[in-house]
Amino acid sequence: GFLPVFISGYTFGELALFQDFPRSATAVAITDSILLGFFQPELKTLLETKPRIGNELLLGFAGIIADRLRKTNDTLEAAYFKSKKEKLKA
């Protein structure tokens with residue numbers, strides 16, 4: 001898959017925290033970068049040892065996923081209705 005150029009603070013790969021599926025994309029840094037890897041085992045440990053912090057992280061990731069899903073739905077809906085309008089014109 002293709003991912004856009006990210007800005008500082010951007011997260012990606014968050015779905016891997018919730019499902020054991022192969023990642024669907026690869027990221028490549030085009031400039032020197034500092035990255036933080038956060039994986040499912042660390043999330044599970046954090047939820048067990050520091051549940052308040054773990055839950056805050058879960059809510060943050062849920063918000064990110066919800067925003068991206070909403071944008072995807074909007075894009076698909078716009079494309080669907082655009083194609084319907086084009087068919088009606090033809």
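Both backbone and side-chain heavy atoms feed into the values below; hydrogens, waters and symmetry mates do not. As the structure is a computational prediction, the values presented were derived from the model and not from experiment. Numbers here simply count residues along the sequence, with the first being 1.
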Any heavy-atom pair between the side chains of L46 and F38 that's under 4.5 Å?
yes
Crowded around I30 CD1? As in, over 12 foreign heavy atoms under 6.0 Å?
no
Assign the ring pair F18 / F61 to parallel, tilted or perpendicular, where the plane angle (0 to 90°) is split at 30° and 60°.
perpendicular
Linked hydrophobic residues, V28 as query - side chain contacts closer than 4.5 Å
none
Please check if I64 and L15 belong to a single hydrophobic cluster, counting links between Ile, Leu, Val, Met, Phe, Trp and Tyr side chain heavy atoms closer than 4.5 Å.
yes
Which donor-acceptor pairs under 3.5 Å do side chains of residues 47-56 form with protein atoms, sequence neighbours excluded?
residue	atom	partner	partner atom	Å
T49	OG1	T45	O	2.9
N55	ND2	P51	O	3.0

Roughly how far apart are [X] [atom1] and [Y] [atom2], rounded to 0.5 Å?
{"X": "R68", "Y": "T11", "atom1": "CZ", "atom2": "OG1", "result": "4.5 Å"}
{"X": "T72", "Y": "I65", "atom1": "OG1", "atom2": "CD1", "result": "11.5 Å"}
{"X": "Q19", "Y": "Q40", "atom1": "CD", "atom2": "CD", "result": "9.5 Å"}

With the threshold set at 4.0 Å, does a side-chain nitrogen-carboxylate oxygen contact exist between D67 and R70?
yes
Pairing residues for D32 by the salt bridge (charged side-chain N to carboxylate O under 4.0 Å, His left out) criterion, not counting sequence neighbours:
none
Look at the side chain of S33 and the backbone N and O of T31, then say whether any donor-acceptor pair between them is shorter than 3.5 Å.
yes
